[in-house]
Amino acid sequence: MARYNPKEVEPKWRAAWAAADVFRADNRSAKPKYYVLEMFPYPSGRLHVGHARNYAMGDVVARFKRARGYNVLHPMGWDAFGLPAENAAAERGVDPAKWTYDNIAAMREELKRLGVSIDWSREFATCDPAYYGRQQAWFLRLLKKGLAYRKEGLVNWDPVDMTVLANEQVENGRGWRSGALVERRKLTQWFLRITDYADPLLEGLKSLDRWPEKVRLMQENWIGKSRGARLAFPFAGSAPEGFEDGVLVYTTRPDTLFGASFVALAPDHPISEALSAADPKLAAFIAQCRKGGTSEAEIESAEKLGFDTGLRVVHPFDPNWTLPVWIANFILMDYGTGAIFGCPAHDQRDLEFARKYALPVKPVVLPPGQDPGSFAIGDEAYVGPGQAFNSGFMDGLEVEAAKQAAIDKIEALGLGEGATVYRLRDWGVSRQRGWGCPIPVINCAVCGVAPVPEDQLPVELPKDLDFSRPGNPLARHPTFRFTTCPGCKGPAERETDTLDTFVDSSWYFARYANPDAAEPIDKVAADYWLPADQYIGGVEHAVLHLLYARFITRALADEGLLSVREPFAGLFTQGMVTHETYRRQNGDWVDPSEVEIVSEGATRTARLVAAGEPLVIGDVEKMSKSKRNVVAPADMADRYGVDAARLTVLSDSPPERDVQWTAAGVEGAWRLVNRVWAEFDSPPAAATEAWEPRAARRIVHRTIKAVTEAVEGFRFNSAIARLHEFVKVVSTMRAPAGDPERSQVRREALSALARLVAPFAPHLAEECWAELGETGLVAAAPWPVFEPQLAEDEQRVLPVQINGKRRGEIRADVGASEAEVEKIVLDDPEIARRLEGLSIRRVIVVKDRIVNIVAA
RNA sequence: GCCCCAGUGGCGAAAUGGUAGACGCGGCAGACUCAAAAUCUGUUGGCCGCAAGGCCGUGUUGGUUCGAGUCCGACCUGGGGCACCA
């Protein structure tokens with residue numbers, strides 16, 4: 001028996017698949033279509049185990065569905081714009097395009113080596129002008145429709161490098177390169193009006209019944225629709241000039257108005273700015289508030305800071321009640337009106353603020369079962385349900401009813417109106433970066449913003465951008481900016497902002513339908529393929545990417561470019577592959593392959609393999625290039641072959657769960673590969689023990705059923721466990737010469753085994769299939785057929801519990817009635833012995849499963 | 001800080017509300033071998049017991065149920081997202 005040699009076998013079958021072109025998807029077919037898509041990767045240059053896991057899963061689905069008779073589309077491309085290429089350009093002076101395309105070439109080879117069944121004829125990268133040019137084309141249609149517009153937005157500003165920073169480039173409030181304290185700065189930028197689609201996006205979630213509940217919940221919370229109110233608090237006494245209408249406030253909790261203890265403005269609210277002109281202390285406070293980055297996490301967890309303006313406003317429901325007006329760092333100008341009323345008893349942020357500045361805390365919602373006389377707020381605001389109290393006309397109403405009563409009153413008083421409020425903000429798509437899709441507009445001093453004429457698309461990135469200095473290289477390029485206005489033909493400037501890379505990934509799945517189409521989307525092809533039947537990707541994309549893709553799909557559908565409104569009918573979110581992180585004393589991240597771990601008792605220390613330098617062991621985090629905690633699957637494939645590597649990443653844990661990476665499972669996968677191969681390779685020895693053909697077929701068909709259901713349910717680890725068990729059984733099924741019945745059952749088992757293994761270990765399966773004497777490819781062979789009548793048992797063992805504890809077991813016919821089972825149980829001497837001295841209160845028989853006797 | 005998720009043997013894990021720990025790794029014992037590796041077989045949650053068997057056990061804690069890893073409440077720990085990482 002020759003040992004299985006993946007180094008020879010695997011390349012051979014990859015060549016055979018390519019020669020037969022078995023993975024090409026047809027844009028028309030008599031078969032039903034199935035579109036399986038994994039989130040396309042950023043071309044970092046090396047495949048890591050997270051990628052391998054993701055693409056192996058998609059490949060199992062693709063191969064399974066092909067075997068089930070579907071016309072399968074399983075494409076691949078590259079999310080190729082983004083910061084890492086710019087960083088490489090800045091650090092090493094390489095051209096970002098060359099760097100990116102080199103990485104793509106390397107990763108394409110690694111993916112091909114993984115044996116994934118992809119239709120490579122549809123491949124593209126988002127940095128191809130042919131792709132981003134089409135993106136510019138539809139962007140202009142959204143612009144024309146008013147879905148793209150400009151307004152001021154906040155950015156992270158590095159005052160030393162004089163540049164905009166990504167959130168990732170801000171560490172502890174400082175710029176990652178300069179170390180300068182980051183500030184928030186306003187910049188005029190492009191936005192997409194996703195808020196116009198807030199309701200359809202929310203409604204659409206209901207139809208996505210093949211999405212994980214948690215993702216739908218996260219998106220629902222992100223959209224954050226709630227009924228609230230917009231109302232004015234008039235100034236008590238004289239108002240600041242220009243603000244005679246008072247402070248316009250947005251709230252989701254008008255029911256808590258009687259608990260108001262202050263009104264707070266954003267530091268960049270127009271009133272704050274007007275007041276600061278005459279108040280240097282306030283101006284200094286506002287400058288202080290701009291410190292720090294723009295991320296919500298940073299703002300929300302920063303220490304609450306406030307400045308009392310000395311102004312007072314009148315409570316809307318009580319002309320004799322006035323409230324102080326503060327300016328507070330945790331109020332964002334982008335949310336609502338940039339001003340709130342604070343109700344510390346029922347909002348945690350307001351409570352912290354009130355405690356810090358000694359403002360009153362008056363509870364107005366009484367939790368069920370609490371006494372109104374004694375209920376008090378401690379360190380935690382009460383945000384749960386209850387009845388209004390201390391609230392005048394609202395007293396006794398539940399939260400929702402109280403909200404409506406407050407809104408009615410506000411409207412009756414003419415102070416404001418009920419409003420549906422969303423947490424969702426418009427999508428800022430401007431990036432001041434050189435490696436992205438140029439926004440195809442021209443700014444003319446005379447005509448304003450003009451779209452680039454369609455016949456001039458794509459607006460291509462210059463090939464000679466200078467990334468050696470911080471800042472946007474497009475803005476300082478010698479020629480890119482300067483052009484003529486398409487309207488007045490006078491001199492004008494091109495927009496130098498590029499689009500967020502989330503735009504690139506918001507429609508690529510539609511482009512795969514026909515990546516060569518002249519128009520952005522080949523509607524006929526897209527109507528055929530979309531929606532994707534199964535989308536697979538990391539759960540970290542649960543909100544942003546998936547929401548943006550849903551939005552763009554709808555916007556493009558409304559433009560007539562597409563027919564579907566939901567791009568992904570089925571979604572599977574795989575867990576992340578995580579790994580410990582390591583840093584040198586100077587803070588540089590270190591690759592795990594360079595780390596040696598030393599364990600002494602319970603303490604673990606890490607050091608550099610080469611220099612022995614001690615390292616700091618950091619948190620376990622998702623693998624990412626920036627933290628360098630990436631492990632490549634290539635080493636495993638080198639030693640054990642691709643199939644064993646695929647089996648390892650698929651079987652180590654349930655696919656939706658995060659895994660902390662370890663290669664421990666590869667030994668088991670390798671043994672499985674060899675055990676499977678041994679069944680096909682070695683000549684059947686004489687039967688060492690009698691095996692019953694009927695029982696063997698029962699196991700064959702049960703395995704077919706179990707593997708089929710496990711694959712359909714994304715329980716790949718369970719499917720592989722069944723394969724382990726099956727191989728063990730098959731190895732006992734030796735057929736002596738001159739025993740046609742056993743020979744035939746053995747062949748049935750082997751034929752099923754080869755095809756059941758195929759989605760997981762496709763190269764091995766081909767080799768086995770050929771060994772069986774089959775002429776075609778197993779990649780093109782139909783899935784084994786499950787025959788239920790062959791899988792059935794006549795009898796089953798039922799555990800018997802007494803008072804919930806297992807005390808024995810009985811045998812009963814499958815489908816035996818409760819009465820029959822009960823008789824068998826009570827006739828059982830062992831059970832009878834256990835029941836001595838007890839009286840039976842109840843006997844619960846769960847058909848074919850279990851018996852529980854309640855006795856005392 | 002806010003939203004979401006997860007927690008089961010030494011480890012990765014399995015289990016439509018119905019025998020907790022399938023399957024794999026590792027360990028232990030044995031076979032093969034001059035020996036080792038590889039391979040194969042057996043065994044392997046903890047405690048008590050010669051054994052039969054018993055008790056305990058799914059992060060903690062309380063509840064629902066004839067029955068809870070699974071459902072509900074509170075808490076602890078870890079992970080993800082928080083709008084410029086992708």
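Quick note: numbers below take in every heavy atom, side chains included, and nothing from hydrogens, waters or symmetry partners. Numbers restart at 1 for each chain; the letters A, B, ... are given by sequence-line order, proteins then strands.
Distance check on atom P: B/rG45 versus B/rG21 gives 9 Å, rounded to whole Å. For B/rU61 and B/rG42, the C1' atoms lie 41 Å apart once the distance is rounded to whole Å. Distance noted for atom P between B/rC28 and B/rC76: 41 Å (whole Å). The separation of B/rC71 from B/rG1, taken at their P atoms, amounts to 26 Å, rounded to a whole angstrom. The gap from the P atom of B/rA20 to that of B/rG27 amounts to 30 Å, rounded to the nearest Å. Spacing of P atoms, B/rU60 relative to B/rU70, comes out at 11 Å, to the nearest Å. Going from the P atom of B/rA68 to that of B/rG18 covers 11 Å, rounded to whole Å. Nucleotides B/rG53 and B/rA15 have their P atoms positioned 29 Å apart, rounded to a whole Å.
Among the protein residues, A/Val846 comes within range of the nucleic acid bases, having at least one heavy atom under 4.0 Å from a base atom. No contact: A/Glu86 has no heavy atom under 4.0 Å from any strand. Within 4.0 Å of A/Ala542, counting heavy atoms only, lies no atom of the nucleic acid at all. Nucleic acid contact for A/Phe502: base, since at least one base atom lies under 4.0 Å from a heavy atom of the residue. Residue A/Pro41 is classed as having no contact, given no heavy-atom separation below 4.0 Å to the nucleic acid. Looking at heavy-atom distances under 4.0 Å, A/Arg349 makes no contact with the nucleic acid at all. The residue A/Ser505 sits apart from the nucleic acid: no heavy atom pair falls under 4.0 Å. Using a 4.0 Å heavy-atom distance criterion, A/Ile844 is classed as a base contact. In this structure, A/Val164 reaches the bases: a heavy-atom distance under 4.0 Å links it to at least one base atom across the strands shown. Counting any heavy atom pair closer than 4.0 Å across all strands shown, A/Arg834 reaches sugar-phosphate atoms only and no base atom. A/Arg216 comes within 4.0 angstrom of no nucleic acid atom, judged by non-hydrogen atoms across all strands. Within the 4.0 angstrom heavy-atom criterion, base atoms lie near A/Gln432. Looking at heavy-atom distances under 4.0 Å, A/Gly428 makes contact with sugar-phosphate atoms alone, never a base.
Within 3.5 Å, no donor on the side chain of A/Glu296 pairs with an acceptor on the base of B/rC3, nor the reverse.
Atom CD of A/Gln219 and atom C1' of B/rC2 are 17 Å apart (whole Å). Between the CD atom of A/Glu656 and the P atom of B/rC5 there is a distance of 13 Å, rounded to whole Å.
Comment: A/Arg834 does not engage A/Asp828 in a salt bridge, judged by the lack of any side-chain N to carboxylate O separation of less than 4.0 angstrom. For A/Arg423 and A/Glu296, the salt-bridge test passes: some basic side-chain N is under 4.0 Å from an acidic carboxylate O. Using a cutoff of 4.0 Å between basic side-chain nitrogens and carboxylate oxygens, A/Arg185 and A/Glu152 are not scored as salt-bridged. No salt bridge links A/Arg355 with A/Glu352; every basic N to acidic carboxylate O contact stays at or beyond 4.0 Å.
Relative orientation of the A/Trp677 and A/Tyr4 rings is tilted, given thresholds of 30° and 60° on the angle between their planes. Using a 30° and 60° split on the angle between ring planes, A/Tyr132 and A/Phe81 fall in the tilted class, from 30° to 60°.
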| message | Each nucleotide in nucleotides 21-31 of chain B should get exactly one letter: B, S or -. Can you fill that in based on protein heavy atoms under 4.0 Å? | response | -BSSSS-----
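Counting heavy atoms of neighbouring residues, nucleotides and ligands inside a 6.0 Å radius, atom NZ of A/Lys186 exceeds 12 of them. Heavy atoms from other residues, nucleotides or ligands lying under 6.0 Å from CG of A/Asp793 number more than 12. The 12-atom threshold is exceeded at CZ of A/Arg811, counting heavy atoms of other residues, nucleotides or ligands nearer than 6.0 Å.
Judged by distance alone, the side chains of A/Thr163 and A/Asp158 never bring a donor and an acceptor atom under 3.5 Å apart. Side-chain contact annotation: A/Arg53 with A/Ser653, donor-acceptor N/O pair under 3.5 Å present.
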Could you write out each protein N or O paired with an N or O of nucleotides 67-75 of chain B at a distance under 3.5 Å?
none

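When distances run from any side-chain atom of A/Val155 to the nucleotides B/rC84, B/rC55, B/rA13, the shortest one goes to B/rC84. Nearest to the side-chain atoms of A/Lys805 among the listed nucleotides B/rC56, B/rA83, B/rC84 stands B/rC56. Side-chain atoms of A/His541 lie closest to B/rA86 of the nucleotides B/rC82, B/rA86, B/rC66. Among the nucleotides B/rC84, B/rA83, B/rA14, the one closest to the side chain of A/Arg657 is B/rA14. Between B/rG7, B/rC4, B/rU19, one nucleotide has an atom nearer to the side chain of A/Glu809 than all others, and that is B/rU19. Comparing B/rG18, B/rA83, B/rA86 by their closest approach to the side chain of A/Thr501 singles out B/rA86. Among the nucleotides B/rA13, B/rG1, B/rG54, the one closest to any side-chain atom of A/Ser301 is B/rG1. Among the nucleotides B/rG81, B/rG54, B/rG18, the one closest to the side chain of A/Glu540 is B/rG81.
In this structure, the ring of A/Tyr535 has its center no less than 6.0 angstrom from the ring center of A/Phe509.
Geometrically, A/Lys304 does not engage A/Phe353 in a cation-pi contact, judged by NZ or CZ lying under 6.0 Å from the ring centre and within 45° of the ring axis.
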| request: Treat a base pair as Watson-Crick or G-U wobble with both distances under 3.5 Å, then lay out RNA chain B in dot-bracket form, 5' to 3', with | for cross-strand pairs. | output: (((((((..(((.....[....)))((((((.......))))))((((....))))..(((((..]....))))))))))))....
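Glycosidic conformation, B/rG9: syn, with the torsion inside 90° of 0.
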| query | So A/Phe726 and A/Val730, side chain to side chain contact (heavy atoms under 4.5 Å, CB included) or not? Walk me through it. | reply | CA-CA 6 Å; A/Phe726 189 43; A/Val730 171; 3.8 Å; yes
